[in-house]
Structure formats: C-alpha cells, structure tokens
Protein chains: 2
Amino acid sequence: MRADAQRNYARLLSVAAEEIALNGADASLEQIARLAGVGSGTVRRHFPNRHALLAAVFRERVESLHAHAADLTGRPDARAALLEWLTAVTTSAATIRGLAVALNRDCGLEPGPAHEHCATSRLLEAGEPLVRQAAGALAPGVTVADLIALITGIALATENHPDPAEEANRLLGLAFSGISPSA
Amino acid sequence: MRADAQRNYARLLSVAAEEIALNGADASLEQIARLAGVGSGTVRRHFPNRHALLAAVFRERVESLHAHAADLTGRPDARAALLEWLTAVTTSAATIRGLAVALNRDCGLEPGPAHEHCATSRLLEAGEPLVRQAAGALAPGVTVADLIALITGIALATENHPDPAEEANRLLGLAFSGISPSA
DNA sequence: GTACGATACGGAGGGCCCCGCCGTTTAGCA
DNA sequence: TGCTAAACGGCGGGGCCCTCCGTATCGTAC
C-alpha cells in the first residue's frame with residue numbers, strides 16, 4: 001500500500017468515525033470525503049460500499065468486545081460472566097451511534113468469505129463459548145445468535161431515548177431474567 | 001375534501017402500501033407518485049412528510065391491534081392475555097414491512113399534538129390496561145413502553161431472517177419467560 | 001539523480017431523490 | 001352557466017450515490 005494511500009485511509013477512517021457518531025450510519029459519504037479533503041472516488045476505492053466503511057470504523061471496538069469475552073471464559077459463575085459480556089455489548093451498541101445499524105445490516109449479506117469476517121460473525125465467535133458455559137442456566141434453545149439479535153434490536157429501539165445505554169441495559173436485564181419470570 | 005382529492009388520497013394509500021411492502025419504509029415517494037399516476041406535489045400535499053404517509057398506511061393495522069387489546073382486557077388469565085397481545089403485535093411488526101421502522105421512528109418525534117396520535121402512542125394506550133392487569137406477574141418496573149420498544153427492536157433485528165415472524169416470536173417468548181430465568 | 005511503470009487520486013457526469021414553488025386545471029356551489 | 005377556491009402537475013434547485021477516466025504521485029530500477 002502506497003504511503004499516500006495509507007494516509008488517506010487513516011484520515012478517512014478518523015473522519016468517518018466522527019461523522020457517523022454525529023449523523024448515524026447513513027452519514028453522507030461525500031461529506032466524509034469533503035471533510036477528509038479527498039475526492040469522492042477515493043472513498044469508494046478504499047471502501048467499496050457503505051458496509052465496508054462501517055465495518056472498518058467499528059473494527060477496533062468489536063475486537064475489544066471479542067477480547068473481553070475471552071477474558072470472561074472460564075469464570076466460575078458462567079451465568080454472571082455471560083451477563084457481564086452481554087451488558088458490555090449492549091452498552092457499546094447503544095452508545096456508539098451507527099454500530100447497531102451496522103450489526104443489523106450485515107445480517108442481510110449473502111454468505112461468503114466477507115460474511116465470515118464481518119462484525120456480527122466476530123461477536124458470534126466471541127460469545128459462543130460464554131453461552132456454552134452458561135447453557136445449564138439458560139432457557140432451552142438459546143443461541144448466541146439469538147442474544148446478539150436481541151441486543152441489536154434493543155439498541156436500535158432505544159436509539160432515540162434520552163439515555164440509550166441505560167435504557168438498553170434495563171431492557172436487556174428484563175429480557176435476561178424474564179419480563180414475566182413466573183412461567 | 002374534494003372528490004378528486006379523495007380519489008387521489010385513496011390511490012396513493014393503496015399504492016404506497018404495496019410499494020412499502022416491496023421496498024420497505026424507505027420506498028421512493030416519487031415512485032409512489034408515478035405508480036399512482038399523480039404528480040409528486042400531490043403526494044406531499046396529502047402527506048407532508050414520509051412519517052405521515054407511513055402512519056396513514058399502517059393506521060388500520062394499528063387500530064386492529066388496539067381493538068384486539070380491548071377484547072383481551074378482563075380475561076381471567078391476565079398474563080396469558082398480555083402475551084397473546086404481545087405476540088399479535090410482534091407478528092404484525094415482523095410481517096408487515098416498514099411497520100417496525102415506522103414505530104421506531106415516531107419515538108424520535110418532538111412531543112406535541114401529532115405525537116399524541118401516532119401509531120406508537122396508540123399501541124401504548126392499547127397495551128396499558130393489559131400490563132396493569134398482569135402487573136402482579138411481571139418483573140418490577142416493566143411498562144408498556146418497555147414492551148413496545150422491545151418488540152420494535154426484535155422486529156427490526158429479525159427483518160433479514162428467512163422467517164421473520166417466527167423468529168421474532170421466538171425471541172419474544174425467550175424475553176418474556178427469561179433468557180436465563182433462574183435468577 | 002533520473003526515468004519509468006504502477007498505483008492512487010480527483011472530479012465530472014449521469015441518474016435518482018427530496019423539496020418548495022407556482023401557473024394551470026377542475027370540482028362544486030350559486 | 002359562471003365563478004372561486006381547492007387541488008393538481010411538474011419544473012428547478014440541491015444533494016447523494018456511483019462510474020469512469022485523465023492526471024498526478026509514489027517507489028523503484030538504473
């Protein structure tokens with residue numbers, strides 16, 4: 001990768017992060033190009049579509065959640081470990097504008113090599129051991145995918161709330177323990 | 001309202017319903033105008049913004065859910081009644097393309113007279129008695145708003161699933177009884 | 001230090017969309 | 001039948017996405 005390409009890539013990533021934080025996942029790619037001082041073609045060269053840009057912007061955060069999950073595996077209280085991780089994911093999804101949308105969208109991609117390395121897949125990988133560990137304490141049939149879908153949904157639904165993270169975590173807590181537990 | 005205006009309104013509503021079912025809540029307003037055989041100005045005259053169009057398109061369905069809730073109040077098993085209604089709402093939100101997005105968006109409106117009569121408010125009104133009845137069987141602090149938010153989120157998150165309604169209801173069931181009930 | 005090939009860049013152009021506006025048509029009443 | 005207010009259609013401005021291609025720049029080989 002040429003030096004100027006690297007510079008532009010970094011600039012774009014940083015500007016895109018700000019712009020997405022400001023305007024959500026539908027931020028204007030042309031505006032990002034303008035703010036980064038590059039042509040619109042350069043954006044599309046580095047990121048062939050919006051999804052690629054979102055993935056790149058959120059990559060670090062997703063990796064950090066991945067690492068967090070790794071830290072939690074093997075904890076004596078598997079249920080608490082799972083809940084801690086789910087809370088961390090929820091907080092990120094509800095706090096970081098655009099992340100929930102990005103997670104939600106890459107569920108709609110056709111399978112393929114790109115799909116295997118997308119943010120959602122990384123989260124599924126990360127959470128799978130935690131779910132397996134806690135399986136005994138979970139309702140039958142619960143999968144990591146269910147939990148990630150639920151969190152994504154909760155984050156999307158609380159986007160307009162005054163305090164998204166708090167509200168999202170409250171809903172997560174309700175769903176985890178049960179809205180109407182006395183079955 | 002003049003006769004021609006009524007005709008156009010009806011045509012627009014019907015065309016919009018099809019087009020939204022096909023392309024989601026972001027369907028092109030100009031395309032709707034074209035299909036209805038009217039000018040784009042006519043669309044904007046009847047529906048000053050996209051949200052107004054969505055509200056009108058989904059009005060009947062929301063009213064039907066409202067009525068369903070009324071039918072269920074007073075049932076002996078309050079918990080089952082609530083769950084039945086939530087299931088109906090979930091099925092609608094997951095099946096009818098664009099409805100979940102519409103519900104999610106009108107949470108973001110500034111308060112005002114329009115906000116009081118929006119689809120979400122109608123659902124809140126409808127569900128409130130059911131929640132009150134079932135309060136004894138619910139986790140402390142649960143509100144109708146929580147449940148509607150959760151359902152909206154679930155519907156958004158399962159939009160890309162092969163069978164959205166089934167998956168959405170499965171997630172609803174999990175959240176209702178608890179993902180990890182043994183608290 | 002220079003010359004060259006590959007790589008990356010920028011921006012113009014086409015298509016679509018939303019939105020505001022205004023001249024024209026038409027429905028409904030007198 | 002004539003009139004007026006309501007409703008209509010579509011034009012023009014602005015924005016965005018996307019493709020494409022001539023140009024500038026980087027890095028290397030000599």
Side-chain angles (χ1 to χ4, degrees), chain A residues 1-58 97-98 101-102 104-106 108-110 112 114, chain B residues 1-58 97-98 101-102 104-106 108-110 112 114:
Chain A
M1 194 157 166
R2 249 167 60 171
D4 53 348
Q6 272 179 300
R7 270 200 308 277
N8 281 333
Y9 185 89
R11 279 186 70 78
L12 278 173
L13 217 50
S14 128
V15 168
E18 288 177 38
E19 200 58 13
I20 289 170
L22 222 56
N23 298 325
D26 292 327
S28 158
L29 300 183
E30 296 220 331
Q31 172 71 355
I32 290 172
R34 278 192 294 270
L35 291 175
V38 304
S40 68
T42 299
V43 178
R44 306 203 63 75
R45 193 168 319 108
H46 285 291
F47 309 101
N49 50 53
R50 179 180 297 276
H51 189 263
L53 177 59
L54 292 174
V57 164
F58 296 129
R97 186 116 188 255
V101 175
N104 192 37
R105 285 198 194 153
D106 61 15
L109 301 177
E110 67 286 353
Chain B
M1 194 156 164
R2 251 167 59 171
D4 52 347
Q6 272 179 301
R7 270 200 308 277
N8 281 334
Y9 185 88
R11 278 185 71 77
L12 277 173
L13 217 51
S14 128
V15 168
E18 287 178 40
E19 201 57 13
I20 289 171
L22 220 57
N23 297 326
D26 292 326
S28 159
L29 300 183
E30 296 219 331
Q31 173 71 356
I32 291 172
R34 278 192 293 270
L35 291 176
V38 305
S40 68
T42 299
V43 177
R44 305 203 64 74
R45 193 168 318 108
H46 285 291
F47 309 102
N49 51 53
R50 179 180 297 276
H51 189 263
L53 177 59
L54 291 174
V57 163
F58 296 129
R97 188 118 187 251
V101 175
N104 192 37
R105 284 195 195 156
D106 61 14
L109 301 177
E110 69 286 353

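Keep in mind it's a predicted model, so treat the numbers as computed, not measured. Every chain is numbered from 1, with letters handed out A, B, ... down the list of sequences.
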Output the residues of residues 16-24 of chain A in contact with DNA chain C, where contact means a heavy atom of the residue under 4.0 Å from an atom of the strand; sort by number or write none. none

The criterion is side-chain hydrogen bond (donor to acceptor under 3.5 Å, both in side chains); which residues satisfy it with Arg2(B), sequence neighbours excluded? Asp4(B)

Rounding to an integer number of Å, can you tell me how far Leu53(B) CG sits from dC19(C) P? 12 Å

Polar atom pairs (N or O), protein with nucleotides 20-23 of chain D, under 3.5 Å:
none

All pairs passing side chain to side chain donor-acceptor pair (under 3.5 Å) where residues 35-44 of chain B contributes a residue, at least two apart: none

What's touching nucleotides 15-18 of chain C from the protein side, N or O pairs under 3.5 Å?
| unit_1 | atom_1 | unit_2 | atom_2 | d |
| --- | --- | --- | --- | --- |
| dC17(C) | OP1 | Ser28(B) | OG | 3.4 |
| dC17(C) | OP2 | Arg34(B) | NH2 | 3.1 |
| dC18(C) | OP1 | Leu29(B) | N | 3.2 |
| dC18(C) | OP1 | Arg50(B) | NH2 | 2.7 |
| dC18(C) | OP2 | Leu29(B) | N | 3.2 |
| dC18(C) | OP2 | Glu30(B) | N | 3.2 |

For Ala55(A), enumerate each residue passing the side chain to side chain contact (heavy atoms under 4.5 Å, CB included) test, keeping only those at least two apart in sequence or located in another chain. none

Hey, is the side chain of Thr42(B) poking within less than 4.0 Å of OP1 or OP2 on dA7(D), counting only N and O atoms? no

Angle, rounded to 10°, between the helical axes spanning five pairs at each terminus of the helix from dG1(C)-dC30(D) to dA30(C)-dT1(D)? 10°

Could you pull out all residues at least two apart from Asp26(B) that satisfy side chain to side chain contact (heavy atoms under 4.5 Å, CB included)? Arg105(B)

Leu35(A) atom CG is separated from dG15(D) atom P, nearest whole Å, by 14 Å

Throw together a table of side-chain donor-acceptor distances under 3.5 angstrom for residues 6-18 of chain A, partners on residues two or more places apart or in other chains.
| unit_1 | atom_1 | unit_2 | atom_2 | d |
| --- | --- | --- | --- | --- |
| Arg11(A) | NE | Ala36(A) | O | 3.0 |
| Arg11(A) | NH2 | Ala36(A) | O | 3.4 |

If you measure from CG on Leu29(B) to CZ on Phe47(B), what distance do you get to the nearest 0.5 Å? 10.0 Å

Quick one: list whatever passes side-chain hydrogen bond (donor to acceptor under 3.5 Å, both in side chains) with Arg34(A), sequence neighbours left out. Gln31(A)

Please determine whether a side-chain nitrogen or oxygen atom of His46(A) lies at a distance below 4.0 Å from atom OP1 or OP2 of dC9(C). yes

Where protein sits on nucleotides 25-30 of chain C, one letter per nucleotide: B base, S sugar-phosphate only, - none, heavy atoms under 4.0 Å: -BSS--

In whole Å, what is the span from the CD1 atom of Ile32(A) to the P atom of dG11(C)? 17 Å

